[in-house]
Amino acid sequence: MSTETSDKKIYGILAEVRNPKELIDIARTVNKNGYKKYDTFSPFPIHGIDKAMSLQKSKLGWIVLSHGLIGLTGALAMIYFMMVVDYPLNISGKSLMNIPAWIPVTFELTILLSAFGAVFGMFFLNGLPKLNHPLFTSENFKKATNDGFFICIEAEDPQFEPEKVHHLLSDAGATNIEEIRDDT
Amino acid sequence: MSDQKTNDTTYWKSLNELAKNKEYQKYAEREFPEDASELTDQVSRRSFLRVMGASIALAGFASCRKPMQKILPYSRQPEEQVLGVPNFYATSMPFQDTVAGLLIENSEGRPSKVEGNEQHPSTRGKTSIYHQAAILGMYDPDRSRNPQLAGEQVSYSDFAEFAASHFAETDRNILFISDASSSPTRHRLKTDIQSRFPNSQWVTHEPFSDDNRVEGTNLAFGQRLRTVNHFDEANIVVSFDDDFMTPSGHKNSVEAAWQFSMARNVNAVEDTMSRLYSIENSYSITGSMADHRLRLKSSEIEAMIFALAARLSQDLNGLDAYTDYSNSMSGHEMVETLAGELIANRSNTILTAGTGYSPAVHATISALNSALGNIGTTVTLHNLPFRDNVDNTTAFAEAVSQAQAGAFDTVVILGTNPVFTAAADLQFADAISNVETKIHLSEYVDETSRACDWHVNQAHFMEAWGDGYAYTGQRSIIQPQIAPLFEGVSDIELLHTILTGESGSGYDLVQNTWRNVLSGNFEREWERVLHDGIDDNSDGFSNASVSIQSGFASQIIPMLETSITDRIEITIKPDPTLFDGRYANNGWLQELPDPMTKITWDNVALMSPSTARSLGLPAERDFASDEVPMVRIDTGDGAIEIAAWVQPGHADDSITLYAGYGRNTIGRVADGVGVNIYPLRTTGAPYYRTADISAVDRMYEIACTQDHNSIEGRDMVRAATLDEYRENPNFSTYESVHGYEVPGIDAAERESDDYLAKGGPISLFDEQYGPDYQPQWGMAIDLNTCFGCGVCTIACQAENNIPVVGKREVSRRRIMHWIRTDRYYEGDEDNPGVYHQPVPCMHCELAPCEQVCPVAATVHSEDGMNQMTYNRCIGTRYCANNCPFKVRRFNFFNYSDEYLTTGDDPEIIQMAMNPEVTIRFRGVMEKCSYCVQRVNRAKIETRKATGSRKPEDGTVKTACQQACPANAISFGDLTDRNSVVSQHKMNERNYVMLEEINVRPRTSYLAKLRNPNPELS
Amino acid sequence: MAQIFPKWTNEAPRRILIGAIIILNAIVFGVWYFFSPEFTNVGYAPEQPVPYSHQLHVGQLGMDCQYCHTQVEESQYANIPATQTCMNCHNQIATNSEKLAPVRESWDTNEPIEWVRVHMLPDYAYFNHSAHVNVGVGCESCHGRVDRMEVVYQAEPLSMGWCLDCHREPEKHVRPVDEVTTMGYQVENQLEVGRELVAKHNIKAPTYCQACHY
Amino acid sequence: MSKTYEYVPEPALVKGNHDFSSINSLITDINLRPTPKGWYIAFGLSNLLLFVLLGSIAYLIWEGTGIWGLNQPVGWGWAIINFVWWVGIGHAGTLISAILFLFRQDWRTAINRFAEAMTIFAVMCAGIFPAIHVGRIWVIYWVFPIPNSMVMWPNFNSPLLWDVFAVSTYFTVSLLFWYVGLVPDFATLRDRIKSKVGKMVYGVAALGWRGSNRHWWNYEKAYMILAGLATPLVLSVHTIVSFDFAVSIIPGWHTTIFPPYFVAGAVFSGFAMVLTLMIICRKIYGLEDIMTVDHIEKMNLIILVTGSMVGFAYLMEFFIAWYSQVEYEKAIFIIRATGPYAWAYWIMISCNVISPQFFWSKKLRRNVTFTFIISIVVNIGMWFERFVITVTSLSTDYLPSSWGYFSPTIWDVLTYVGTFGLFFTFFLLFLRFMPMVAVAEIKGAMPQADPHNYDPETGDYSPQEIEIPEPNKESV
């Protein structure tokens, strides 16, 4: 690809492969070469790419758990305050601590908060929403949501040297290698 | 209420002054505006606007403010008026030729509720439906508002002017037609009139009166006497179609019902009960209390009375006239039974026959009572000081035919409405068209008013001075409670105008009469009578001494012919709620379900299931439809088409019709409701006659409040005979009824005799109870004395501002009554047993309605009541669904608003409202509150007076309890072991409905007892 | 070059989030403050047909509340005095005052003076003056320092929560019954005195619904 | 008897010769094509019905709940029936998405998006009813625990309050779940659409999704956790809805069997509704390759199973009523089958219990037309089930004196019919603007997506042969 110089900072180098298998292979190669700041792109999650990229276990579970616990204790505390502490009322002669009746609401709020944790936690971990991204400057990258499989090694990686990366990628069989520049 | 006991001094003078005070007349806009503003749902309406139009909310916070309210204090404070504290004034309500003693609750100077006068024997603090509904009758905006001349509005002074000139000619031929009245003042004026106008004639017209009973005594004893039955004294009561416990059946029904319930009141196994035999044609509420009931056609009943006399003439002296008599009923099983019972209980029995029967029947009854030695013990006979010694029925008929012939130049009709109610063959309207000058005094511009030249608007009894005798003869004064709303005049004032040509003051007229009656210091005595509501120097009418007159036999024998045929008979009775039609414009009465059929807003042709089948009509009503088939009834003189209604227990080949419906252009309530049956009634056959009946291929919608008649073998109502009760006093417990205990009931709790400690089945929860320092309210309803009259419903409606919803809404099963009376049939359809069960809110300890409300709008109070907080309610209706007793009522529409803003001057009907009770708005639930406004007032007053939180037993009476003539309802504090209600709860007969679902109702029932003749069972 | 969104949009979500939090809090606070009876009702001081000054009559002349509001001990209402009450004095004092013209007119014509209501409870809330006054709830507790009011205004929110404050902890508010009409009543050991009074009058102020709503 | 077992290979999820790109086009072209005329007609009709709904609600609020046929024993009528019915339908989506996901049923990918959308819209329709059926809608906010000057709180003992929390949680979580699934597909649309506005709108909706596998890693985790949360949630929601009845003491309502019975019924009606919609859409939009007859058959099997479960529940109700010997319970069930509402009861039985039994026949359950008819019949039956439960129990409960018949008014009908307007309005918008099949997921479920299906040497696509083991014919 052309290495046309520009004032804009290089964001990284993007390359395309043909299929999921090749993506796994190239990811493995890049990973073995010690690159840390790189990413692969595919229209769907690919089975086994986590190992190829040595991805850490997601922290999402902990986020969800903590939210769930907030929901659980928050709901119980709320109901206890409202039904027992603030305005105790004789309802059907039942005891104020009518815990069986509190289960549904507590359960629902636990689920609700957990779900918030899961969804917003996921977006948070992924750094989304991020509407503007250097990769979107690549016309070819559009295929990433269709049938394209891409790998991008970012300039921030300490080992990043454009030529070396070029070579690495083309050696691994990637095509359409292009430099992505940050457009600011 | 506590106030009632003490009967604050009656400041009649200031009341009277007040009534004339201009300020007073304006009070509706004046004194405490919250009375009026209570009637609107300002808060919710404002919120609604906020939701509907954002612009209003955006207009600034000023719009959040309440609209400006004005307070208008008195300029001169009336002394006895403490704002917010109601006063009670005694008065009496006239009904035909009787009065009933009442106390009227006055809230800020306007009458708002009727109660019975405890010192007056006619009510003893109880009331009937007519008494309770009178308050709405007074605030009826449809009442006539001014005199009319040929339909044009005139003033009373115009009339007085006319009267002065017209009645200056004292030789005029004047016919006076009046309603029955016991008023001494009216009697005095009547005498004056008869002497001033020597050519005048005065007749009395009442479509349904007890004149035939009076004529019966005349036949038997040669005197026109009033028969008074003392039901509390008798062992055996035999009622031949006499519905003496219903106000439409008996003028003194409140006292009669009270007496009857006294004789049937059983608190322990030693107590005794009287026995009631009822032989009747349709099923009446009196019949529903009977221990033995026989259904016969009216003609057969008549025959049976004669046959009974013939049978008893074998054993008793004084019945010689009947010795040789026999008819098709002779030898009837019932005749033999009755003969045995009556002879065994001689001088302890009462025989009575319905007022519709002929004088011969009543003469026979009188002769029987006399022969049985009942006269003087259980039956007394009295002279009536105000009654002319004539047969009113024939006198009226004769006068009408004279009028027809042109014998009168003037007719003055007082109160009564003969154009509507007179027998069809008299052709009354036609007859008076031959009279030149026709004057009519009435509360409404009615059928007769329109046939007359002059209409004068009559004052309601709560607006005018008057007087009268109770049924048993106690003298009372009718004291106005408010200045006439529409400036009506009373009958005595009109008569005064006729006599003098001037408008008179009823106050002076009554005082003038009473000056001759009261002895001692007149002013003091007068005040005392006003205060007490009764002249206690008048012990009642004097007893007449009677004996069968000679020649009785020769007179009666030709009258004993019976008219039993195979054809279907119709029997015409006054409507239980509207009477002869006079209460037709009263929404409360129109909407009060008929005590037996539970029909509202209509009259029907009642018939037995087999008669219905023989006419080709279904004997069972379709549960899924309000439409019922219609029949055509043709007597030859007249014909009507009317909805057919199957009444189990009705006599076969007989149809009962209720009069009083089918009125037009009377008022918004009455118009177009039901069918007028007066065209079927003739002088010759006012009560029953044969008719041609045929099914009509048309359906009619009936609004009935109870769609399922059978109790389905369930245990809502528990009953036993007196003997069974004596054998097993605990017959009404769950265990006795079902053969096993309530599942899960704790042994310790079962043993406890403390009602409150006695919980119920074991529970998974630690239950909350009301704290000890508060009274714990409870109610017990004695099914043994309740006879289903429905006065509790109307009293509750009056006390708690319950709206009338109209026929359409009732037919959609949305009636608002807080206390209903369930009526169940049990047994075969031909002669089933009937049970009445009043059902208010049960105030369950573990109320199922409470836990399901999402916003806690209904929760428990510290004093153990199930509270309904209207202003918190969002209207999910979940509570009503989850109520096993279905006592909750929902405002599907803005019923109160519709009900209270009818017509051009809604403030009139709003004045009938109780200022202590919130008017409910659309979308909220409501239900019986145990009259919490009365409870809270008593609690506050007790606390101020003694510092105690628990009012003494008897201080708080719920509206239903207070009204009940049978004392069936007791209410009070359950923590007071000596309170009446606690005693009732400890009675063996006490049970609660649906004990097994463990909701622990605070309202319980005392099981019903019957006292059948052991020989018949 | 196919960026759809400019770079600043990456900051937008965080800004929107922070903005939303601020606005939401502002709305909650706004509703809490501006829609409460404390804001909407307190200070309501309508103009009256007669410029009657409580400050003058109570504050300066030292008239007792019950001189005019006579029925407060026996009735649920603290009645507005009849014209008669005004005339007791004002047929001798300030008989020609312009301000009193409506009073004299009312007296002559027997037409009531149309006072404007200041303290308005909703119709579904039942309040009984006598039940409170007789156990030592001071006039001032609900009506404020009337003796300092030139024009009567609503001093307290009269909301349900405000009622419950006292019903839940009456000892913080009650005073001896003979001090009920005192303006500016204060004791240092209110809690102690209050507890004694609560015990003495056996006060158990109800908090269940139908103590007030029926 | 000896039986011959045969290993039947899973049929391919996507029929026809599709690669990623063609699948991508097949699904997303629907959104990118110019709007077809038919869509406008359908949308117009739906809008008309939507206006009927809005009109009925406006009149309801203006006049009061009295315009419905409700009465004193029957305080809940069509509103609650419709609520339970719509919520029941709203169960299919999350059930398909979540439970089938957890059970690794990949065939769900063809229909899950579609079913989830249906869920969201059905729950919207359902949610309208509890709100509008109250008497004073302007204070409906009192059911939420909002601090107020009355210092009053809602009553946490009330099943209706549980409903508030359950339904709103369910709606929120379903919406999130749906949206999370949609994000990659919005990105696809963003990258395919030509128009500037479209790019902006889909761009915002896609949140800048770029298919990063680091994102996918968290995304899959989140998806699985959501599925794990949604599974008990979906079971709890209809359980709580059934508590509205089961917690009461009315005979016929007061039943412990309600939670499982309601959930089974919900799955039953939900699947039927999905089928109804799917059969129409696959035809119109030519998606037969994705929503195959195999899918229909699988769903029919679930209908058969849940229908039979519901039938079993009907029987158990009778059995328990008899076994308990509670007279009110016994009476209500006899009245249901023979009383004034017997017509409704037998419609319910024939639609819900009898009609699914045809699916024992493989031929019938693979017959698209027949399935379509049965799916509609089932939904009619389920509506009547709720009718029978709600109305008959209230109509004839403890005190015979209070028994009363319920008949709906025109407003009951119009409000119900109107909700279809709401439903289809949203559904048509969904079909028009969102990919109706989860594109990313279906790509992931294609054999091409599996790295093992590629030749290790050349890297070319060479799907593995499925080995069919020899049937063991000797086993007894």
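Every heavy atom of this structure was used, including side-chain atoms; hydrogens, water molecules and symmetry mates were not. Every chain is numbered from 1 and lettered A, B, ... according to where its sequence line falls, protein lines coming before strand lines.
Under the 6.0 Å cut-off for aromatic ring centres, F20(D) and F44(A) qualify, their centroids lying closer than that.
In this structure, the separation between OH on Y219(D) and CG on N126(A) is 10.5 Å, given to the nearest 0.5 Å. Atoms CG and OG1, from N24(D) and T145(A) in turn, are 6.5 Å apart once rounded to the nearest 0.5 Å. One finds the CD1 atom of I225(D) at 9.5 Å from the CG atom of L65(A) (value rounded to the nearest 0.5 Å). We find the OH-CD distance between Y170(D) and E108(A) to be 11.0 Å, quoted to the nearest 0.5 Å.
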Check the pair T172(D) / F116(A) against side-chain contact (heavy atoms from CB on, under 4.5 Å), numbers first and verdict last. CA-CA 9 Å; T172(D) 314; F116(A) 283 151; 3.8 Å; yes
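Side chain of W216(D) to backbone of F41(A): no donor-acceptor contact under 3.5 angstrom is found. Not a single donor-acceptor pair under 3.5 Å links the side chain of K130(A) to the backbone N or O of W209(D). Formation of a donor-acceptor pair under 3.5 Å by the R214(D) side chain with backbone atoms of Y38(A) is found in this model.
Interface remark: V183(D) contributes side-chain atoms only to the contact with chain A (heavy atom separation under 4.5 Å). Looking at E441(D), neither its backbone nor its side chain comes within 4.5 Å of chain A, counting heavy atoms on both sides. Both the backbone and the side chain of N146(A) come within contact range of chain D, judged by heavy atoms closer than 4.5 Å. Heavy-atom distances place the side chain of I24(A), and not its backbone, under 4.5 Å from chain D. Interface residue M53(A): only side-chain heavy atoms are found under 4.5 Å from chain D. If you measure heavy-atom distances from L135(A) to chain D, the contacts under 4.5 Å come from the side chain alone.
Between N218(D) and S58(A), the shortest heavy-atom contact is OD1-OG, 2.7 Å. Residues P20(A) and Y454(D) come closest through the heavy atom pair CD-OH, 3.4 Å. Here the shortest heavy-atom pairing between L229(D) and S114(A) reads CD1-CB, 3.5 Å. When all heavy atoms of M83(A) and N157(D) are compared, the closest pair comes out as CE-ND2, 3.8 Å. Here the closest heavy-atom approach between residue A118(A) and residue A222(D) is recorded as O-CB, 3.8 Å. Smallest separation of non-hydrogen atoms from G208(D) and L128(A): O-CD2, 3.7 Å.
With sequence neighbours left out, the ring-ring contact (aromatic ring centres under 6.0 Å, His included) criterion links F150(A) to F141(A).
Side-chain N/O atoms of S42(A) and N213(D) include a donor and acceptor closer than 3.5 Å.
Atom CE of M150(D) sits in a crowded spot, with more than 12 heavy atoms from other residues, nucleotides or ligands closer than 6.0 Å.
With chain A as the partner, the residue from G203(D), S236(D), P159(D) showing the most heavy-atom pairs under 4.5 Å is S236(D). With chain D as partner, the option from D86(A), D25(A), L23(A), V17(A) having the largest number of non-hydrogen pairs under 4.5 angstrom is D86(A). For the options W217(D), F243(D), F177(D), heavy-atom pairs under 4.5 Å to chain A are most numerous at W217(D). Between chain D and the options T110(A), L89(A), I91(A), I46(A), the largest number of non-hydrogen pairs under 4.5 Å is found for I91(A). Among the candidates K143(A), M78(A), K94(A), the residue making the largest number of heavy-atom pairs closer than 4.5 Å to chain D is M78(A).
Between P232(D) and F107(A), some side-chain heavy-atom pair lies under the 4.5 Å cut-off. Between L125(A) and K221(D), every side-chain heavy-atom pair lies at or beyond the 4.5 Å cut-off. Side-chain contact between D147(A) and D19(D): absent, with no pair of heavy atoms (C-beta onward) separated by less than 4.5 Å. Within the 4.5 Å cutoff, no side-chain heavy atoms of M122(A) are placed close to those of L226(D).
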